[in-house]
Amino acid sequence: MKIIGYALTVFFLVVSPSIKAVVTIDNWAVNTSHGLTIFTTRGATVYSHDLGIAKMPEDCSIDHLIVHYTSYDKSIKDIEGKNVIVKFSNKQHSFDAELLVVNVKNATKRLSIVSLTTSDGLTSNMKKMLNSEEPLTVEIVSPLDIAKKFDIAEEYFVLENYKKAYALANKQCLGVN
């Protein structure tokens with residue numbers, strides 16, 4: 001349950017206008033606000049889709065994956081608190097991971113932003129894939145009734161300069177200038 005609280009904080013800070021400083025490294029945005037460090041890249045298909053990492057001030061060595069998707073489905077709020085299977089793939093590898101839907105927030109009257117995260121930090125497969133900096137496809141695959149709630153359930157992310165963004169986020173998290 002502690003991760004859900006963190007993830008909700010992450011979601012609030014990602015969409016909050018109170019972010020103190022944002023540093024961009026090509027396609028990555030790195031920021032720290034209220035002690036929480038987040039770095040994200042935008043989706044190539046839908047600009048408001050994000051993929052990134054959150055680093056908690058209590059332990060900067062733990063990385064939590066964050067994925068934001070959008071939906072126009074009126075019943076999308078019903079999936080909050082549920083687990084979904086997400087497929088991650090690039091040219092070299094493919095694997096499925098279970099992500100928790102931690103928050104569904106209305107962005108407009110019709111559009112909602114759905115926040116998903118890992119409960120136990122990054123797996124070795126995720127780390128390997130991110131560190132490769134190869135373009136990554138992320139797809140919500142099951143349960144099928146939930147996957148159908150997303151207008152676009154598959155997104156493409158450019159991971160170039162991930163390592164630079166990670167290094168900067170780590171420095172910010174640790175308070176190193």
Side-chain angles (χ1 to χ4, degrees), residues 1-19 27-29 31 33-59 62-90 93-123 125-127 129-130 135-159:
M1 283 309 222
K2 192 174 184 182
I3 186 65
I4 293 173
Y6 285 141
L8 291 174
T9 302
V10 168
F11 175 78
F12 172 75
L13 293 173
V14 167
V15 297
S16 169
S18 66
I19 294 172
N27 53 314
W28 291 92
N31 62 69
S33 183
H34 309 294
L36 185 67
T37 302
I38 303 166
F39 64 107
T40 58
T41 188
R42 299 280 185 186
T45 308
V46 179
Y47 185 75
S48 57
H49 288 179
D50 290 328
L51 173 81
I53 303 291
K55 295 179 138 315
M56 308 303 169
E58 295 82 14
D59 188 348
I62 298 174
D63 302 321
H64 295 278
L65 183 73
I66 306 168
V67 180
H68 291 124
Y69 266 58
T70 57
S71 174
Y72 286 99
D73 188 294
K74 292 178 183 170
S75 66
I76 195 73
K77 188 83 172 154
D78 297 345
I79 71 168
E80 197 169 78
K82 296 189 177 174
N83 290 313
V84 296
I85 303 300
V86 178
K87 181 178 183 175
F88 295 87
S89 57
N90 63 16
H93 307 284
S94 179
F95 69 93
D96 292 347
E98 188 174 72
L99 299 183
L100 175 66
V101 177
V102 292
N103 194 296
V104 178
K105 183 171 174 107
N106 291 335
T108 67
K109 285 183 180 181
R110 293 184 53 226
L111 180 70
S112 296
I113 299 174
V114 180
S115 300
L116 305 102
T117 190
T118 52
S119 56
D120 297 324
L122 294 180
T123 65
N125 283 335
M126 287 179 192
K127 287 179 185 178
M129 213 171 254
L130 292 168
L136 180 66
T137 301
V138 178
E139 181 182 8
I140 300 168
V141 292
S142 73
L144 193 54
D145 62 322
I146 291 177
K148 287 181 178 181
K149 290 182 182 284
F150 295 92
D151 306 307
I152 299 175
E154 182 177 280
E155 184 60 85
Y156 178 82
F157 295 96
V158 176
L159 300 184

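Treat the numbers as computed from the prediction; the structure is a model and nothing was measured.
- Shown here for Arg42 and Ser48, the closest heavy-atom pair between the two residues is NH1-CA, 4.1 Å.
- The line from CE of Met56 to CG of Leu36 is 5.5 Å long, rounded to the nearest 0.5 Å.
- For the residue pair Lys77 and Ser112, no side-chain donor N or O sits within less than 3.5 Å of a side-chain acceptor on the partner.
- Contact of the Met129 side chain with the Leu136 side chain is registered, since non-hydrogen atoms from C-beta on lie closer than 4.5 Å.
- One distance of note links CG of Asp50 with CD1 of Ile113; it measures 8.0 Å at 0.5 Å rounding.
- With contacts defined as side-chain heavy-atom distances shorter than 4.5 Å, the pair Leu65/Leu51 qualifies.
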Audit row: Ile53, Leu130, side-chain contact (heavy atoms from CB on, under 4.5 Å) steps and yes/no: CA-CA 10 Å; Ile53 303 291; Leu130 292 168; 4.0 Å; yes
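- The line from NZ of Lys127 to CG of Leu122 is 6.0 Å long, rounded to the nearest 0.5 Å.
- Judged purely by atom type and a 3.5 angstrom limit, Glu154 has no side-chain atom pairing as donor or acceptor with the backbone of Val138.
- Looking at His68 and Thr40, their side chains never come closer than 4.5 Å, going by heavy atoms from C-beta outward.
- Note that the CG atom of Leu99 and the CD1 atom of Ile140 stand 8.5 Å from one another [nearest 0.5 Å].
- In this structure a side-chain-to-backbone donor-acceptor pair under 3.5 Å is missing from Asn125 to Phe95.
- Checking side-chain atoms of Asn90 against main-chain N and O of His93 turns up a donor-acceptor pair under 3.5 Å.
- Expressed to the nearest 0.5 Å, how far OG of Ser115 lies from CG of Asn103 amounts to 5.0 Å.
- Looking at heavy atoms from C-beta onward, Phe88 lies out of side-chain contact with Thr137 at the 4.5 angstrom threshold.
- In this structure, Phe150 and Tyr69 have perpendicular ring planes: the angle between them is above 60°, well past the 30° mark.
- The minimum heavy-atom distance linking Glu155 with Ala44 is given by the pair OE2-N, 3.2 Å.
- Side-chain contact between Lys55 and Asp63: present, with at least one pair of heavy atoms (C-beta onward) separated by less than 4.5 Å.
- Ser94 approaches Lys87 most closely through the heavy-atom pair OG-CE, 3.1 Å.
- When every heavy atom of Pro135 is checked against every heavy atom of Tyr156, the shortest pair comes out as CB-OH, 3.0 Å.
- Here the shortest heavy-atom pairing between Leu111 and Thr70 reads CD1-CB, 3.6 Å.
- Minimum interatomic distance between Thr118 and Met126 (heavy atoms only, all atoms of both residues): CG2-CE, 3.6 Å.
- Atoms CG and CG, from Leu100 and Leu116 in turn, are 8.0 Å apart once rounded to the nearest 0.5 Å.
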Residues Glu98, Val84; criterion side-chain contact (heavy atoms from CB on, under 4.5 Å); working and verdict: CA-CA 6 Å; Glu98 188 174 72; Val84 296; over 6 Å; no
